[in-house]
Amino acid sequence: MNTQLKKRNLIQFYLIQSILRQNSLRQLRTKPTHHYNDKYRTRNTKEDKQQDDLFLYKSKGQHLLTNQRILDSIVRKSSINPTDTVLEIGPGTGNLTLKLLDVASKVVAVEIDKRMVGVLNKRVKEHGFEDKLSVIREDALKAEFPKFDLVVANIPYGISSPLVAKLVYGANTFRSATLLLQKEFARRLLAKPGDSEFNRLAVNVKLVADVEFVMNVSKREFFPVPKVDSSVVIIRPKDRIPDVNLDEWWAFTKNCFGKKNKTLGATFKQKKKVIELFRLSKMTSSNGEEINRNQYVCADDDGDNEEESDGEECHSSSCADRELLLFKEKIIEVLKAGSFEDKRPSKLCNDELLYLLSMLNQSGIYFHEQTKPRNVGNVAFAAAYS
């Protein structure tokens, strides 16, 4: 009896040891691997030391993609021709840059951190690619990009939105942009009407480009490890874009998607919204002539600051009230005519939004001051914020 009990206890002991050992191995497999000499990395000891000695700032989005298979996949999906010039934004220490230089004619790398530039130049020289690399040490949002054919980049999360807008609305024409983005941002970019993530950014980008999902990338493939996973997308500019005033379009989508789940009727019936659009439309129809903004203050007043006024001021206020009422009715008529009054922006596709904007403009309702000079320097960023 004692022998059987001892035998049973011994078996239980070995079973527990086996389970603990398996759990330990499982944990080891799921831990992020950031050593550069594993079976997926071919870098030499000198390069290891260059990057190990470099302090990376998470706050600046400095997360280096280290998995060679994923880097190879990104380059392969980018369809780079031997004659292409590739624009890379945020090259870091050059893990992706070296692979781009191997297949492209030239790489233009935009990097603001001089420490990164130093390591990048050393690695590129050691591989004999120095004649194919051009480095711009400047903020990517402020830099003037030279001519390029493609964009391939692991861009810092903090500048994703304005940078995407700068690319798709910028002066440079290009074939495609293969971008490694924060997964949540990529989902917003890929969102369609009716999706919970559908937003102004998606609407504005898809006006001029098509967006394709490529793959997800685990956060464990980066060093240092970020808090979130990433996704790779490809943005391809459209050959033809709608004939629409972009300033007007951006202002229109900003008005619509401020409360994207609110009906358009409810949005455009708001008193402040009506007054704002009325002033803009007045300024547009008067060809920039100065209008008396004060005459609409009474109409915008909720009655909390009543003051005595003479008959002329009251008459002016009364006229302004009637004008605003007529203007509001005109907006509602347009919404009803197009069956948009009860619709929500989050459910509308770009064709529907373009049609509504066209109807409103034809009725003398505008969202952007048409006489205001266009700020070319900032135009690319207007579409970036949702």
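Every value quoted in this text rests on a predicted model; they were computed, and no experiment measured them.
Between Lys77 and Met215, every side-chain heavy-atom pair lies at or beyond the 4.5 Å cut-off. Side-chain contact check for Val244 versus Leu207: some heavy-atom pair is nearer than 4.5 Å. Side-chain contact between Val164 and Phe185 is present, with at least one heavy-atom pair separated by less than 4.5 Å. For the pair Ser231 and Leu181, the minimum side-chain heavy-atom distance is 4.5 Å or more. Contact check for Val232 versus Val217: side-chain heavy atoms found under the 4.5 Å cut-off. Taking the side chain as every heavy atom from C-beta outward, Asn121 and Leu133 approach each other to under 4.5 Å. Between Lys99 and Gln68 the shortest side-chain heavy-atom distance falls below 4.5 Å. Between Asn81 and Asp149, the closest side-chain pair of non-hydrogen atoms is not below 4.5 Å.
Residues Thr253 and Arg200 approach most closely at OG1-NE, 3.2 Å, considering heavy atoms. Closest approach of Ala209 and Ile235 over heavy atoms only: CB-CG2, 3.7 Å. Minimum interatomic distance between Val75 and Val103 (heavy atoms only, all atoms of both residues): CG1-CG2, 3.9 Å. Between Pro91 and Ala109 the shortest heavy-atom distance is CG-CB, 3.7 Å. The nearest pair of heavy atoms linking Ser281 to Ile365 is OG-CA, 3.5 Å. Minimum interatomic distance between Thr267 and Asn255 (heavy atoms only, all atoms of both residues): CG2-O, 4.0 Å.
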Please step through side-chain hydrogen bond (donor to acceptor under 3.5 Å, both in side chains) for the pair Arg123 and Asn95, ending with a clear verdict. CA-CA 9 Å; Arg123 293 187 67 195; Asn95 292 346; 2.8 Å; yes
Step-by-step side-chain contact (heavy atoms from CB on, under 4.5 Å) determination, Lys238 to Asp210: CA-CA 7 Å; Lys238 293 179 178 178; Asp210 295 313; 3.3 Å; yes
For Lys330 and Leu326, what are the C-alpha separation, side-chain angles and deciding distance, and is it a side-chain contact (heavy atoms from CB on, under 4.5 Å)? CA-CA 6 Å; Lys330 182 163 63 172; Leu326 290 172; over 6 Å; no
Mind running side-chain contact (heavy atoms from CB on, under 4.5 Å) on Leu100 and Glu88 for me, showing each step along the way? CA-CA 9 Å; Leu100 295 173; Glu88 185 185 10; 3.9 Å; yes
Walk me through whether Asp342 and Thr263 qualify under side-chain hydrogen bond (donor to acceptor under 3.5 Å, both in side chains). CA-CA 5 Å; Asp342 297 323; Thr263 64; 5.4 Å; no
Apply side-chain contact (heavy atoms from CB on, under 4.5 Å) to Thr93 and Met116, showing your working. CA-CA 5 Å; Thr93 55; Met116 296 284 192; 3.9 Å; yes
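In the displayed structure, Lys260 atom NZ is contacted under 6.0 Å by more than 12 heavy atoms of other residues, nucleotides or ligands. At most 12 heavy atoms of other shown residues, nucleotides or ligands fall within 6.0 angstrom of atom NZ in Lys125. More than 12 heavy atoms of other residues, nucleotides or ligands sit less than 6.0 Å from atom NZ of Lys262. Heavy-atom neighbours of Lys183 NZ from other residues, nucleotides or ligands within 6.0 Å: at or below the threshold of 12. In Glu184, the CD atom is not crowded: 12 or fewer heavy atoms of neighbouring residues, nucleotides or ligands sit closer than 6.0 Å.
Tyr355 and Trp249 fall within the same hydrophobic cluster, where Ile, Leu, Val, Met, Phe, Trp and Tyr residues are linked whenever their side-chain heavy atoms come under 4.5 Å apart, directly or through other members. Both Val208 and Trp250 sit in one connected hydrophobic cluster of ILVMFWY residues. Membership requires side-chain heavy atoms under 4.5 Å apart, directly or through other members. In terms of hydrophobic clustering, with Ile, Leu, Val, Met, Phe, Trp and Tyr side chains grouped at heavy-atom distances under 4.5 Å, Leu325 and Ile331 are assigned to different clusters. Taking hydrophobic clusters as Ile, Leu, Val, Met, Phe, Trp and Tyr residues chained together by side-chain heavy-atom distances below 4.5 Å, Leu65 shares a cluster with Ile234. Cluster annotation: Val168 and Leu246 are assigned to the same hydrophobic cluster (Ile/Leu/Val/Met/Phe/Trp/Tyr, side-chain heavy-atom contacts under 4.5 Å, transitive).
Between Lys269 and Glu341 there is a salt bridge, since at least one side-chain N of the basic residue sits less than 4.0 Å from a carboxylate O of the acidic one.
If you run salt bridge (charged side-chain N to carboxylate O under 4.0 Å, His left out) between Asp84 and each of Lys147, Lys132, Arg175, Lys106, only Arg175 comes through.
Here ring pair (Phe, Tyr, Trp, His ring centres under 6.0 Å) pairs that include residues 324-354, with residues two or more places apart or in two chains, are Phe278-Phe327. The list of ring pair (Phe, Tyr, Trp, His ring centres under 6.0 Å) pairs with a residue in residues 135-156, not counting sequence neighbours, reads Phe148-Phe174.
Using a distance-only test at 3.5 Å, with no hydrogens or angles considered, no donor-acceptor pair links the side chain of Glu138 to the main chain of Val110. In terms of modelled atom types and a separation under 3.5 Å, the side chain of Asn172 and the main chain of Pro146 share a donor-acceptor contact. Lys206 places a side-chain N or O within donor-acceptor distance of the main-chain N or O of Leu190, the cut-off being under 3.5 Å. In this structure, His63 contributes its side chain and Pro224 its backbone to a donor-acceptor pair below 3.5 Å. Checked by atom type and distance alone, the side chain of Ser218 pairs as donor or acceptor with a backbone atom of Arg220 at under 3.5 Å. In this structure a side-chain-to-backbone donor-acceptor pair under 3.5 Å is missing from Ser346 to Gly194.
Shown here are the ring-ring contact (aromatic ring centres under 6.0 Å, His included) partners of Phe268, two or more places apart in sequence or in another chain: Phe367.
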